[in-house]
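Here the structure comes first, spelled out in structure tokens, and everything after it is commentary.
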Amino acid sequence: MTTATLAADAKQARIVGDFPILNKPTSRGQRLVYLDSAATSQKPQSVIDSLVKYYSEYNANIHRGVYEIAARATDAFEEARAKVARFVNAAEPAEIIWTRNSTEAINLVSYTWGLENLKPGDAIVTTQLEHHSNLVPWQLLAAKTGAELRFIPVDERGVHVITDVDSLLDGAKLLALSHVSNTLGTIAPLEMLVRRAHKAGARVLVDAAQSVPHMPVDVRALDVDFMAVSGHKMLGPTGIGFLYGKRDLLEAMPPFLTGGDMIRRVEYTTTEFNELPWKFEAGTSNIADAIGLGAAVDYLSEIGMDWVRAHEIRVTSYALQRLEELKRRGLAVYGPPGAENRAGVISFNLGDVHAHDVASILDTESVCVRAGHHCTMPLMERMGWPATARASFYIYNTEADVDALVAALHKAANIFKLPA
Ligand SMILES: Cc1ncc(COP(=O)(O)O)c(C=O)c1O
């Protein structure tokens, strides 16, 4: 073994060691093989500690308190925003708006920018791959404003078909698309699509729920106008996410929710709104979880997002290779070819066995995968699949996890008497 391999193994072992849930036996007395990070990630000890520390040492409401722990809470909350801004290379922390998750971030844009800017005859362009969170808000916006909803198609592998993109973008006010598909792992050709959308005069919203946790994402290099992210998929707590928006766009938008904190001055009949980012943060914020997300960003920054992406390519490539041996038993693997062309997501079906049955058998080996439509019902319909099982990888997954998945799939194939 080379020194470099030993160092890589040590780094991997240290990462796995940082996640308490992965280091205790399951209720079945087995090792937890967690392959569902596209749904939500596990949390390292440092993130858990940051929550306990806030609640046990300086719990107080932010922005208004003059006493020491309130000032400390405010500083930690705003420092977390600054960490997130640096992580995605926003021009300034004020361009980061805390939300509950990416769904809320997308709705914020739809209800504010969307209602102000769209009218009959305009178009909203999205893709056939979208999570319901990046589809239903645009359906409602189209219905309310009279705008038309158009779809960039995908081929049988779930890869964007871009031949007619310019005509789809003709007359578009918005291109709203996921950077990475949660069902197939497809990575959108974002730079090219952003360029073409801007040329057509459209704004671009990127649903980055599945990309920011897994690869370096630079909002200024990509020149996206809005970006939605969920903290719980990137080692952070549930209940916290963020919207990135370019300052000039956010400035021009009306507030989303109204009430305390988002105001500068209130009289009985009128209100002057607060400046960015607080204009969009009505009521008491999710202070603890924002601080927890800051700790998650510290953790990921320390590991390095280039390493995260390279690691996921390694594990995904190994998985694609190992799953080959199940093809003779009826396994169908979906998505773009090769590990470099997708994120660490593999959707599959085993013969005619329903994905829920496959997932239940995998669970008897403490192998956690998701089964169903993955909140992409139109994509399932487009592909003709009733459901798929989905394994998704993150920094703490290893080749041993892939081996456990393959062994559990053989068990499922045996139970359903599929060809040996
Ligand atoms: C691509 C994509 N967009 C949006 C979402 C919604 O995320 P949340 O439920 O955290 O708002 C998900 C969640 O799985 C997702 O995968």
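Counting starts at 1 for both ligands and their atoms, in listed order.
Considering only non-hydrogen protein atoms, atom 2 (C) of ligand 1 sits nearest to Asp207 OD2, 3.4 Å. For atom 11 (O) of ligand 1, the closest non-hydrogen atom on the protein side is Thr103 OG1, 2.5 Å.
Ion pairing of Arg390 with Asp36 is present here, as a side-chain N (NZ or NE/NH1/NH2) and a carboxylate O approach within less than 4.0 Å. A salt bridge links Arg81 with Glu281: at least one charged nitrogen is closer than 4.0 Å to a carboxylate oxygen. In this structure, Glu95 does not pair ionically with Lys246, as no charged nitrogen and carboxylate oxygen lie closer than 4.0 Å.
If you number the atoms of ligand 1 from 1 as listed, the ones under 4.0 Å from a heavy atom of Ser230 come out as 7 (O), 8 (P), 10 (O), 11 (O). Those atoms of ligand 1 with a heavy atom of Asn101 less than 4.0 angstrom away are 8 (P), 10 (O), 11 (O). Heavy-atom proximity to Gln210, at under 4.0 Å, picks out these atoms of ligand 1: 1 (C), 14 (O), 15 (C), 16 (O). Contact atoms of ligand 1 toward Lys233: 7 (O), 12 (C), 13 (C), 14 (O) (distance under 4.0 Å to a heavy atom of the residue).
Considering Glu130, Arg370, Arg100, His131 only, the shortest heavy-atom separation from atom 15 (C) of ligand 1 involves His131.
The aromatic ring centroids of Phe256 and Phe280 lie 6.0 Å or more from each other.
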request  = Start with the C-alpha distance between Arg382 and Glu156, add both sets of side-chain angles, then the distance that settles salt bridge (Lys or Arg N to Asp or Glu O under 4.0 Å), and finish with yes or no.
outcome  = CA-CA 9 Å; Arg382 148 78 186 85; Glu156 299 307 311; 3.2 Å; yes
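If you look at His232 next to ligand 1, the close heavy atoms, those under 4.0 Å, all belong to the side chain. Contacts between Ser102 and ligand 1 below 4.0 angstrom, taking non-hydrogen atoms only, involve backbone and side chain alike.
For the pair His374 (side chain) and Thr388 (backbone), a donor-acceptor distance under 3.5 Å is present. Counting only distance, with no hydrogens or angles, the side chain of His356 and the backbone of Ala371 share a donor-acceptor pair below 3.5 Å.
Inclusion of Ser133 in the set of residues having an N or O under 3.5 Å from an N or O of ligand 1 is not warranted.
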